[in-house]
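Note sheet for the following structure.
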Amino acid sequence: MSGERRHIAIDLGASSGRVMEVLVSRATVRTRELHRFANAPAASARSGNVRLCWPFEVIFEHIIEGLTIAATNAAADGGTIDSIGIDAWAVDYALVDDDGELVRPIAAYRDTRTHEPFARLRAQLGDAAIYATTGIAFQPFNTLYQFAADAADPIAPLERALQMLMLPDFVAFRLCGAMQCERTNASTTQLLDARTGRWSHTLADAAGVPARILPTIVEAGTRLGEILPDIARETGLDAATPVIAVATHDTASAVLAAPIDPAYDIYVSSGTWSLVGAELRAPMTSDEARAANITNEIGAFGSVRFLRNVAGLWLVQQLEAAFKQDGRRRSWPELAALAEAAEPLRSVIDPDDALLFEPGNMAARLRAACVACGEPEPRDDGELVRCALDSVALATARAAHMVASIAGIDVQRIVIVGGGSANHLLNQLIADASGFVVETGPVECTAIGNALMQYAALENITDAAPLRAIVRASCAGSRFEPDPACHARMRDAAARVMR
């Protein structure tokens, strides 16, 4: 292995995006945030049946700003940038025309246009057949149902498209001109055949997707090309700077940086979503896994992320926005303090309730959800946040036990990474609810995993173990022991949610 390398990780989340500088050597990893920006879907009034879309050009302007800062910093200290990688959330995609332009704005996965095709395709094809082919859990926002909505759109976006590119692949196209789709994100679409690793034309045909728009799939670690001359001029980057296809689904990058032992650990990538899973060597598409709605997404180095989606800090993010709109601006530490002071387990709900999925006044929606399931209505901001955190913890624990049971893992601990790992109250609640020891990994796990895959590509590393060893040596975490008395109370509260 060579000495320390400087990688730029473009990490796009559904609520914020960052451009990070990550320095990696055989023994250490160090991060520096270069540029952060808010992100949220916006209303669309000119896009056929799309009502909620991503402001991509604004996102891309921020990416360019971050890359400009990266180039300036590298020049100032006499260093060079070894490579650039992009990760983002799953399922959303760009439809690109012959000129490389968007056919229409990029639809956001929380758009309700998918509800009808979600029911129709499942009835037409059968859940057992879809799951046996893809191993992907049923969510109305999956790319398969978004495509079916596109096929029914009067503006005919699929007919006008030359290529479909998942969001991070589209960013890569704008940076280096490559039109390819990285496998970890392709696997989230519910269009990839888990047995062959290729696009399922049976599912594509059923959704009305022209086969010609499905791109070539490449593995994480593929060198896509050098940045385009106009990007080099605009940012000041060296024109020879390569763009590498990392594990472009942000959860795949996060899991790569999670300091887990796959034989014994459950991981939680904690952010807007809580992704609760185990790392396996092969997909599990049994009837039991399908009934539990557990997904089999591809991870780095051909692993399988056997996981369950749980609504995570989305609830608190939306509460924060509601409080702010009402004139009560609160920081995240202030929200955590309010929740800690509130009565535990007074009100608990299912955080995956469809009522809570769309953007909107989460305070009103949480109160309505409590009333609907016979729970006491939260009386103030602290009780609202505590309801959200207690409920997320219970759902996370339930998912951890489900995954462990079906995968046959004798769990020794839960490892929590990502932004949510900084919320000590939530970490303790998950330990108490699950009965497992909780340990935390890096908060910046997604950017670190992004950079580790770039490092692996340049250093010809073909396994996650040495990369996770770097994380263990560099990133100290915290440990949370379950309290037996609290565990009993959490178990009783879980029974209320499931009644």
Side-chain angles (χ1 to χ4, degrees), residues 1-12 17-26 29-32 34 60 63-64 66-67 70-71 74 79-88 90 165-187 215-229 231-232 235 237-257 298-303 444-464 466-468 470-471:
M1 293 185 184
S2 65
E4 189 172 66
R5 290 189 181 273
R6 186 193 309 254
H7 304 290
I8 302 302
I10 299 168
D11 174 26
L12 303 178
R18 296 95 50 78
V19 179
M20 303 282 291
E21 178 187 81
V22 187
L23 302 176
V24 185
S25 72
R26 65 171 61 194
V29 59
R30 296 181 291 142
T31 64
R32 176 166 59 161
L34 303 179
F60 195 71
I63 290 170
I64 293 298
L67 292 177
T80 59
I81 292 171
D82 288 285
S83 61
I84 298 168
I86 309 105
D87 69 78
L165 293 172
M166 303 300 286
L167 179 59
D169 303 313
F170 184 54
V171 174
F173 166 69
R174 291 284 295 265
L175 291 178
C176 72
M179 272 197 177
Q180 294 173 320
C181 183
E182 187 275 324
R183 187 174 296 280
T184 67
N185 220 338
S187 75
T216 301
I217 297 172
V218 299
E219 304 300 327
T222 299
R223 183 181 177 124
L224 297 174
E226 289 73 43
I227 60 170
L228 295 169
I231 298 295
T235 61
L237 289 167
D238 189 311
T241 306
V243 177
I244 292 173
V246 299
T248 62
H249 181 203
D250 53 8
T251 307
S253 279
V255 172
L256 176 59
I298 302 300
F301 304 113
S303 60
E444 299 293 356
C445 63
T446 307
I448 290 172
N450 177 321
L452 288 175
M453 183 53 76
Q454 296 179 56
Y455 185 74
L458 298 180
E459 297 286 347
N460 297 313
I461 297 171
T462 58
D463 181 69
L467 302 177
R468 287 178 174 144
I470 297 171
V471 175

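The model shown is predicted, which means the values in this text are computed figures rather than measured ones. Position 1 is the first residue of the sequence; numbering continues from there.
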Can you list the steps and then say if T80 with D238 is a side-chain contact (heavy atoms from CB on, under 4.5 Å)?
CA-CA 8 Å; T80 59; D238 189 311; over 6 Å; no

Smallest heavy-atom separation, V471 atom then A257 atom, equals CG1-O, 3.4 Å

Restricting to salt bridge (Lys or Arg N to Asp or Glu O under 4.0 Å), what partner residues turn up for D250, sequence neighbours left out?
none

Heavy-atom side-chain contact between H7 and S83 under 4.5 Å
yes

Output for pair (E459 CD, L452 CG), nearest 0.5 Å, gives 11.5 Å

Full working for side-chain contact (heavy atoms from CB on, under 4.5 Å) between I86 and L175
CA-CA 10 Å; I86 309 105; L175 291 178; 4.1 Å; yes

Any idea which heavy atoms bring S253 and D87 closest together, and the distance?
OG-CB, 4.1 Å

Residue list, side-chain contact (heavy atoms from CB on, under 4.5 Å) with A252, at least two apart or on another chain:
T184, A247, H249, R305

Test applied, side-chain contact (heavy atoms from CB on, under 4.5 Å); reference residue, I81; option that passes from L237, L67, I227:
L237

Inter- and intrachain pairs under salt bridge (Lys or Arg N to Asp or Glu O under 4.0 Å), touching residues 165-181, at least two apart
E57-R174

Looking only at heavy atoms, what is the nearest atom pair of A172 and L224, with distance?
CB-CD1, 3.8 Å

Any side-chain heavy-atom pair from V255 and R468 closer than 4.5 angstrom?
yes

I need the minimum non-hydrogen distance between A90 and N185, along with the two atoms involved.
CA-OD1, 3.4 Å

Using the side-chain contact (heavy atoms from CB on, under 4.5 Å) rule, take F173 and V243 through it: C-alpha gap first, then chi angles, then the decisive distance, then the call.
CA-CA 10 Å; F173 166 69; V243 177; over 6 Å; no

Once side chain to side chain donor-acceptor pair (under 3.5 Å) is applied, do any residues pair with T248, and if so which ones, sequence neighbours excluded?
E182

Any chance you could lay out the side-chain contact (heavy atoms from CB on, under 4.5 Å) test for I8 and L34, step after step, and finish with the verdict?
CA-CA 9 Å; I8 302 302; L34 303 179; 4.2 Å; yes

Contacts of E21 that satisfy salt bridge (Lys or Arg N to Asp or Glu O under 4.0 Å) - sequence neighbours left out:
R6, R32

Partners meeting side-chain contact (heavy atoms from CB on, under 4.5 Å) with A457 (sequence neighbours left out):
I244

Sequence neighbours excluded, which residues qualify as side chain to side chain donor-acceptor pair (under 3.5 Å) partners of T222?
none

List the residues meeting side-chain contact (heavy atoms from CB on, under 4.5 Å) with S303, not counting sequence neighbours, and say none if there are none.
E279

List for me each residue that meets side-chain contact (heavy atoms from CB on, under 4.5 Å) alongside A456, sequence neighbours excluded, and say none if there are none.
F301, M453, I461, L467

If you take all heavy atoms of A9 and N450, which pair is closest and at what distance?
CB-CG, 3.6 Å

For T31 versus M20, what's the shortest heavy-atom pair and its separation?
CB-CE, 3.9 Å

Please tell me if the side chains of R30 and E4 come closer than 4.5 Å, counting only heavy atoms from C-beta onward.
yes

Drop me the distance from I10's CD1 to R18's CZ, to the nearest 0.5 angstrom.
12.0 Å

